[in-house]
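Worksheet for the structure shown next.
Both ligands and their constituent atoms are indexed starting at 1 by order of listing.
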Amino acid sequence: MKTAIYPGSFDPVTYGHLDIIRRAATVFDQLIISVLNNVKKIPLFSVEERVKILKEVTKDIPNVRIESFSGLLVDYASQKNVDVIVRGLRAITDFEYELQNAQTNRLLSKGKLDTMFFTTSLEYAYLSSTTVREIASFGGDITDCVPDFVSRLIYQKYGIKREAEHEQ
Ligand code: PNS
């Protein structure tokens, strides 16, 4: 059975992440989506909230499991006995950072841990969690970026009274 880990901040999960999740879930027998618990950053959603949101948005994908981790990805992957990492690549701007991470993880794992990249579908190439947070914080429309129930939670966090467009 081939298992892969898709690690990330997912703060919040976007349609771009969901696209990668759905496609990776068809390639691997099991996909563990793991939320990074980064103590150095103040997130919009707590790790527990992000795990709950990810569980909800992936509930129709049977071979996906949601977890969280802290510390080094190589240590977590080794604990799980997994040797493939999944990451999405949007534009060339992602490439340098992702290449560096992939190579570092290979080095740290003594060649065991490989990274497989899925190129983001064109319609989500512009999308990032940072952009979503920025738009939402000013009360802008994030309908095309995240599922409706996620957008409601994001607006709530910013104290913005705006219903998801689909429900108006
Ligand atoms: O969604 P993100 O924030 O781009 O995800 C980045 C992530 C979680 C993949 C990366 O920061 C990570 O793996 N962090 C864990 C710490 C680690 O292992 N660092 C060394 C990799 S170079």
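- When Arg133, Glu49, Arg152 are each tested for a side-chain contact (heavy atoms from CB on, under 4.5 Å) with Lys157, only one passes: Glu49.
- Using cut-offs of 30° and 60° for the angle between ring planes, the Phe10 and His17 rings count as perpendicular.
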Write 'none' if nothing qualifies; otherwise put on separate lines each N/O atom of ligand 1 with a protein N/O atom under 3.5 Å away and their distance to 0.1 Å.
from	atom 1	to	atom 2	distance (Å)
ligand 1	1 (O)	Ser9	N	2.9
ligand 1	3 (O)	Ser9	OG	2.6
ligand 1	4 (O)	Arg87	NH2	2.9
ligand 1	5 (O)	Arg87	NH1	3.3
ligand 1	18 (O)	Leu73	N	2.8

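- Every side-chain contact (heavy atoms from CB on, under 4.5 Å) that Thr131 has, sequence neighbours left out, goes to Ser128, Ile135.
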Practice task
Report the C-alpha distance between Asp83 and Arg106 in whole Å, list the side-chain angles of each, state the deciding distance to 0.1 Å, and finish with yes or no for salt bridge (charged side-chain N to carboxylate O under 4.0 Å, His left out).
Solution key: CA-CA 10 Å; Asp83 50 23; Arg106 258 204 108 217; over 6 Å; no

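- Hydrophobic clustering, with ILVMFWY side chains joined whenever heavy atoms are under 4.5 angstrom apart, keeps Val86 apart from Leu73.
- Hydrophobic clustering (side-chain heavy atoms under 4.5 Å, transitive across Ile, Leu, Val, Met, Phe, Trp, Tyr) groups Phe95 together with Phe117.
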